Amino acid sequence: MSSSHRYEAVGDGNIGVEAEVVTPARDTGSVADESVGYETSIPVHPKILAPLSYVVPLVAGLIIILLERRNTYVRLHAWQAIIFSLAVGVVSMLLFWIPFVPTLIHVASFGATGLCMYRAWKDADTLTFFKLGVVGDFAERQVLGSTVLPF
């Protein structure tokens with residue numbers, strides 16, 4: 001999958017590890033090069049699209065993944081939102097029989113989603129991807145590595 005910028009992973013995959021999306025070297029003589037790394041297939045700035053994927057992750061994230069083909073930063077956040085949402089759902093269903101555990105899981109996931117939305121918005125200027133541990137690693141593999149899904 002070709003993209004207008006290069007991605008460089010930083011960290012060991014622990015929760016809250018940041019990874020940086022590195023833009024290619026630019027020609028300083030051209031004004032058009034100012035937007036390298038911020039171009040999207042959808043006519044919305046990545047500072048809006050990346051946090052939007054966390055609002056209703058299974059719907060918004062999937063729509064963004066299907067429509068956005070150019071911006072790696074936005075696709076990384078969309079994949080992370082979807083994977084995190086599915087993981088929270090599965091874990092809460094598996095532990096539904098323990099009183100209050102599903103509620104605690106959903107409250108914690110609400111907080112983590114809020115943090116991810118804030119970091120996606122805040123870090124869009126530097127294209128720094130905020131990873132949620134294993135979920136972020138899996139999102140990286142979906143966007144950058146070999147993927148078994150057709151998106």
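Just so it is clear, the model here is predicted, and its values are computed rather than measured. We're numbering straight along the sequence, starting at 1.
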Asks: Cluster question for you: counting only ILVMFWY and a side-chain heavy-atom cut-off of under 4.5 Å, with indirect links fine, are I42 and V55 together?
Replies: yes
Asks: State the CG-CG distance between L115 and L132, to the nearest 0.5 angstrom.
Replies: 7.0 Å
Asks: Roughly how far, to the nearest 0.5 Å, is CD of E140 from NZ of K131?
Replies: 4.0 Å
Asks: If I take atom NZ from residue K122 and atom CZ from residue F130, how far apart are they, to the nearest 0.5 angstrom?
Replies: 9.5 Å
Asks: Any donor-acceptor pair under 3.5 Å linking the side chain of S85 with the backbone of I82?
Replies: no
Asks: According to the ring-ring contact (aromatic ring centres under 6.0 Å, His included) rule, which pairs have a member within residues 49-71, sequence neighbours left out?
Replies: Y54-H77
Asks: Between side-chain atoms of residues 86-98 and protein atoms elsewhere (two or more places apart, or another chain), which donor-acceptor pairs fall under 3.5 Å?
Replies:
unit_1: S92; atom_1: OG; unit_2: V88; atom_2: O; d: 3.1
unit_1: S92; atom_1: OG; unit_2: G89; atom_2: O; d: 3.1
unit_1: S92; atom_1: OG; unit_2: H106; atom_2: NE2; d: 3.3
unit_1: W97; atom_1: NE1; unit_2: L94; atom_2: O; d: 3.1

Asks: Could you tell me whether the side chain of F129 reaches within less than 4.5 Å of the side chain of Q80, counting heavy atoms only?
Replies: yes
Asks: Are M117 and W121 co-members of a hydrophobic cluster defined by side-chain heavy atoms under 4.5 Å apart?
Replies: no
Asks: Identify the heavy atoms of W79 and A139 that sit nearest to each other, and give their distance.
Replies: CB-CB, 3.8 Å
Asks: Could you grab the distance from atom CD1 of I48 to atom OG of S53, nearest 0.5 Å is fine?
Replies: 12.0 Å
Asks: How long is the straight-line distance from CG of L144 back to CG of L76, given to the nearest 0.5 Å?
Replies: 5.5 Å
Asks: Tabulate below the donor-acceptor pairs under 3.5 Å that side-chain atoms of residues 56-67 make, not counting sequence neighbours, or state none.
Replies:
none

Asks: Between K47 and D125, is any pair of side-chain heavy atoms under 4.5 Å apart?
Replies: yes
Asks: With a 4.5 Å limit on heavy-atom distance, are the side chains of D123 and Y73 in contact?
Replies: yes
Asks: Would you mind telling me which of R70, E68, R75 makes a side chain to side chain contact (heavy atoms under 4.5 Å, CB included) with T40?
Replies: E68
